[in-house]
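The block underneath contains the structure these notes are about, expressed in structure tokens.
When reading the values below, keep in mind they use all heavy atoms of this one structure, side chains included, and skip hydrogens, waters and symmetry mates.
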Amino acid sequence: WDIPVRICAECYEQFYRGRSRPSSPQLEDRLKARLAGISASPAVSGAGSAPSEALEPEVHQEQLEQQWTWRLELEEDRNSAVREEFYYEQAPNTSLCVSLLNLHSDDHAAGQQMVQLSHALSLNLNYPDVDSSLIISMLRYLLFNAKMKFMKAGESSGIEMCDTYLSHVDVLKMLAKAHFQGLPSIQELQSKDTTRRLRDRLIEDERLDLAMDFSTKCGLDCSGVWAAWGMAYLRTGNYNSAREKFSRCLKPPADLNQTSYSSKMLTGILQCLESTPTASLASCRDLVKNPYLGLSGGQKPSQLSDKVFQECLFYLHMYGTHLDLINFYYGHNKLPKAVKYILDKHCSPEVFIDGLLVPCLSRAQLPKLQDQMVMFDPTLAKWASYLTAACRHLNKSNRNHSLYQFQIFMKDYVRAAMTCIRFFTARARSYTELFDRLHHLASAKQHLTTVLEEQHSDSMGSKTAAGHSPVLTAQSTGWGEDSKEPSIKMTMSRPELNRHINTITLQTDVTKFLYRCMTLTQKGASSLAGETASPGNLPTLFSNNKVKSEVACMVLLAGAHIQDGFGLAFRIIQDFHLNSTLVYIQAARTLARQRQYKVISQLLQCVEESGLSDEQSWDEIIGACLLVVADDPGQSKEAETLIKRIRSDANKINAYILCGKLKSAYLIAVRGERVDDIRRIAGTAERHGQSAVKNICDKWLVGWEEKRQKERQQQELLRNVRRK
């Protein structure tokens, strides 16, 4: 060790002057004794019998040697041995760590290093051989000193981070004190997802007090903890404490009439209460006497006890909507209470539909619902808004049979008749199907007749009773129009009722006639409908005038002879004020396409015998036939026959021109001296290359011009004579 070193005078005076340096063997003995666990006292290194006065210099020397034992020198081999033999008197040692970092010149970097050490240290909390409380105290010490470093450096973000981590250390201390397994690190507590998972785990373990404190310290929503706490009390039958816990996480709905939202927590409470065992002591005794009693299949489902039922009602009244309570009543076979609740609380029509109407329809309990409604209000006046809303709902969802039941229940016979008509016409593909549905028309007629009889009895009883209800047309779609006294019934005037009854009667006659024609003559009315009706719709008298005209045309063409259906078609035309000419033209055009000229003659004969056709209508019917056959040279003879039946010379000329018979048109025009028609014939002849007709037309026109010239000269001569 005799290596010269440079040292200051003050250090030399303090450590080396007047003292001899211990020999290497003595130093090695003391090091081996320390490594072997023997206290490095003076008794170990010196003789035990030496007097204390002689040992004092050696004790002081021992302390100095302990202080400078681990000093590195210039010899690398010795330095390697020192590094291998080095150990701390105490580890881990946060004080030494902080003391070392205090030597750092950059306070910010020192603080960051302390925070990083805290991160690494918090990862060791879950090792079985580690004292978690010691780790937590070390974390607190490191973070506190890191905060001091950031304060010296003026780093506000670092101070805030340390405060956050210190709060996490408090959470860790709380969890460790509760012997929680799987402690998180301080970095993991930064994540909200991690804290939520830890909270949910505490809830699952039913450590609710700890879960509440954890949620509060971590800034989480405590509703889930309160709910779990309340559920735990419910399952144990502690209803009062459960109410207190649920009051902290449940709120009454803003709108009691809302139907689109239902509280999941409230649903869970009800399910928990409904699953509560309600067996009585007597039933338990019976089960003990007969253990196989509970295995029988014919046992009725247990009902809720009064206490549990009232507890359910408490939560429904406090935190549920009207729909929730009505669903509860209905689900527990308390239909009368549900009906009464709707009237007492003036629930919205939507609540009535979703809470009672739809469930009753799905379980075929509509008659029971109607009985309860009548029981609470025989006049149904209080149910007006609910009934009209129910009808709208059923009409919109195409539940026509249920709608019809409601209309009969409401005694709304006008709308019931309309629904019967809908039954009659719905998706019909032929008049054979309509014939099988005639009972619907009979029901519709009976309903309208009932309304007529009621009006007659009302008019006999009170002359002033009429006029208070709004008068609606048959096409009205309203269900109880807005008024001071909203009516749930649709009313019509007597003329309107009679007109609709007449329409139903006519449609019945039409259906029977077409069905008979299809059966006897094998002439498919459906094929006629396909030629005259709009695609996809079977024409009936309950549509617009255009479709009614198609029905009249079908009736004309359905029989073996035109005379068979002409009378019925004539009734349709007269009752609905249809354009008879258009109906006859449509029928004639159809017959012309089928080349049934004899039937066309029958049609013309019937039209003539009806006495209601003028000259123009007559000619239009024939002209419609000619438009079909004019371009067919093979039908020229039949076309000639039809033209001869035209009454107006102008229409005859037009018909001859249409069929290309220009000479015949010329003869009629010459006979009537119709100059414009002759010129038109000449032009047509020129276009079609009929030079002979063109020449005779030109010749006649020249002669006519000469004749007019002579007439003008004679008139001029006469005027001159009169002047003289």
Side-chain angles (χ1 to χ4, degrees), residues 253 255-262 266-267 270 274 300-301 303-304 309 312-313 316-317 320-420 422-423 440 443 447 450 477-481 485-490:
D255 182 12
L256 293 176
N257 284 314
Q258 64 182 356
T259 59
S260 59
Y261 173 77
S262 181
L266 180 61
T267 303
L270 296 178
E274 289 171 346
K300 294 183 179 180
Q303 297 182 351
L304 298 180
F309 189 82
C312 292
L313 291 181
L316 287 168
H317 283 295
T321 62
H322 291 324
L323 182 60
D324 293 331
L325 203 144
I326 291 171
N327 287 334
F328 178 77
Y329 276 138
Y330 184 79
H332 290 84
N333 299 322
K334 305 291 184 182
L335 182 60
K337 290 187 177 182
V339 174
K340 186 176 184 300
Y341 182 85
I342 284 182
L343 282 182
D344 293 343
K345 299 298 182 180
H346 304 288
C347 300
S348 66
E350 291 76 13
V351 173
F352 170 77
I353 292 173
D354 294 343
L356 286 182
L357 179 63
V358 174
C360 287
L361 287 173
S362 62
R363 299 184 184 181
Q365 293 182 345
L366 188 58
K368 291 184 179 180
L369 175 61
Q370 294 172 349
D371 292 341
Q372 294 297 325
M373 295 171 70
V374 172
M375 183 180 299
F376 286 102
D377 182 19
T379 64
L380 298 180
K382 296 179 181 179
W383 295 103
S385 60
Y386 301 108
L387 291 173
T388 52
C391 290
R392 287 194 191 99
H393 172 77
L394 295 172
N395 184 52
K396 185 178 180 179
S397 57
N398 292 324
R399 305 189 72 159
N400 295 325
H401 291 280
S402 300
L403 174 63
Y404 180 66
Q405 294 181 35
F406 248 98
Q407 290 165 344
I408 298 299
F409 169 70
M410 298 159 53
K411 296 183 179 180
D412 188 3
Y413 295 118
V414 175
R415 289 195 179 97
M418 294 180 180
T419 305
C420 289
R422 188 183 299 179
F423 291 150
H440 293 304
S443 299
H447 293 324
T450 301
T477 57
W479 298 94
E481 303 297 327
E485 296 290 339
S487 175
I488 61 175
K489 297 181 182 180
M490 182 179 180

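The shortest side-chain heavy-atom distance between Gln365 and Tyr330 falls under the 4.5 Å cut-off. Taking the side chain as every heavy atom from C-beta outward, Phe352 and Val339 never approach each other to under 4.5 Å. Side chains of Lys345 and His322 form a contact here, defined as non-hydrogen atoms less than 4.5 Å apart. Here the side chains of Thr259 and Ile353 are not in contact, with every heavy-atom distance at 4.5 Å or above. Considering only heavy atoms from C-beta on, Pro349 stays 4.5 Å or farther from Arg392 through its side chain. The shortest side-chain heavy-atom distance between His401 and Phe423 falls under the 4.5 Å cut-off. At least one side-chain heavy atom of Tyr341 sits less than 4.5 Å from a side-chain heavy atom of Ile326. Looking only at side-chain heavy atoms (C-beta outward), Leu325 and His317 come within less than 4.5 Å of each other.
To the nearest 0.5 Å, the span separating CG on Leu380 from NZ on Lys489 amounts to 9.0 Å. With values rounded to the nearest 0.5 angstrom, Gln258 atom CD is found 8.5 Å from Asp324 atom CG. Note that OG of Ser348 is 10.0 Å distant from CG of Leu256, once rounded to the nearest 0.5 Å. The OG atom of Ser385 sits 10.5 Å away from the NE2 atom of His346 when rounded to the nearest 0.5 Å. Rounded to the nearest 0.5 Å, atoms CE (Met373) and CZ (Phe409) are 5.0 Å apart. Separation of atoms CG (Leu316) and CG (Leu266) is listed at 5.5 Å; rounding is to 0.5 Å.
Taking each heavy atom of Lys340 and Asp344 in turn, the nearest pair found is NZ-OD2, 2.6 Å. Lys382 approaches Asp377 most closely through the heavy-atom pair N-OD2, 2.7 Å. Shortest non-hydrogen contact noted between Pro367 and Ala364 is CD-O, 4.3 Å. Closest approach of Pro253 and Gly320 over heavy atoms only: CG-O, 3.6 Å. Residues Ile408 and Ala416 share a closest heavy-atom pair of CD1-CB, 3.8 Å. In terms of heavy atoms, Leu304 sits closest to Cys312 at CD1-SG, 4.4 Å.
Panel note: side chain Asn327, backbone Leu323; a donor-acceptor pair is recorded below 3.5 Å. Within the 3.5 Å criterion, the main-chain N or O of Pro359 finds a donor-acceptor partner in the side chain of Ser362. Judged by distance alone, the side chain of Tyr386 and the main-chain N or O of Cys347 form a donor-acceptor pair under 3.5 Å. Looking only at distances, a side-chain donor or acceptor of Asp412 sits under 3.5 Å from a matching main-chain atom of Met490.
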Derivation and outcome, side chain to side chain contact (heavy atoms under 4.5 Å, CB included), residues His393 and Leu357: CA-CA 10 Å; His393 172 77; Leu357 179 63; 4.1 Å; yes
What's the verdict on side chain to side chain contact (heavy atoms under 4.5 Å, CB included) for Phe309 and Lys334, showing C-alpha distance, side-chain angles and the deciding distance? CA-CA 12 Å; Phe309 189 82; Lys334 305 291 184 182; 4.2 Å; yes
Could you walk me through whether Met410 and Cys391 pass the side chain to side chain contact (heavy atoms under 4.5 Å, CB included) check? CA-CA 10 Å; Met410 298 159 53; Cys391 290; 3.5 Å; yes
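One finds no salt bridge joining Asp371 and Lys368 here, because no Lys/Arg side-chain nitrogen approaches an Asp/Glu carboxylate oxygen to under 4.0 Å.
Aromatic ring centroids of His447 and Tyr404 lie under 6.0 Å apart.
By the 30° and 60° cut-offs, the orientation of the rings of Phe328 relative to His332 is tilted.
Applying the side chain to side chain contact (heavy atoms under 4.5 Å, CB included) test between Leu394 and each of Thr419, Asn400, Leu361 identifies Leu361 as the sole match.
The closest side-chain donor-acceptor pair between Arg422 and Asn398, if any, does not fall under 3.5 angstrom.
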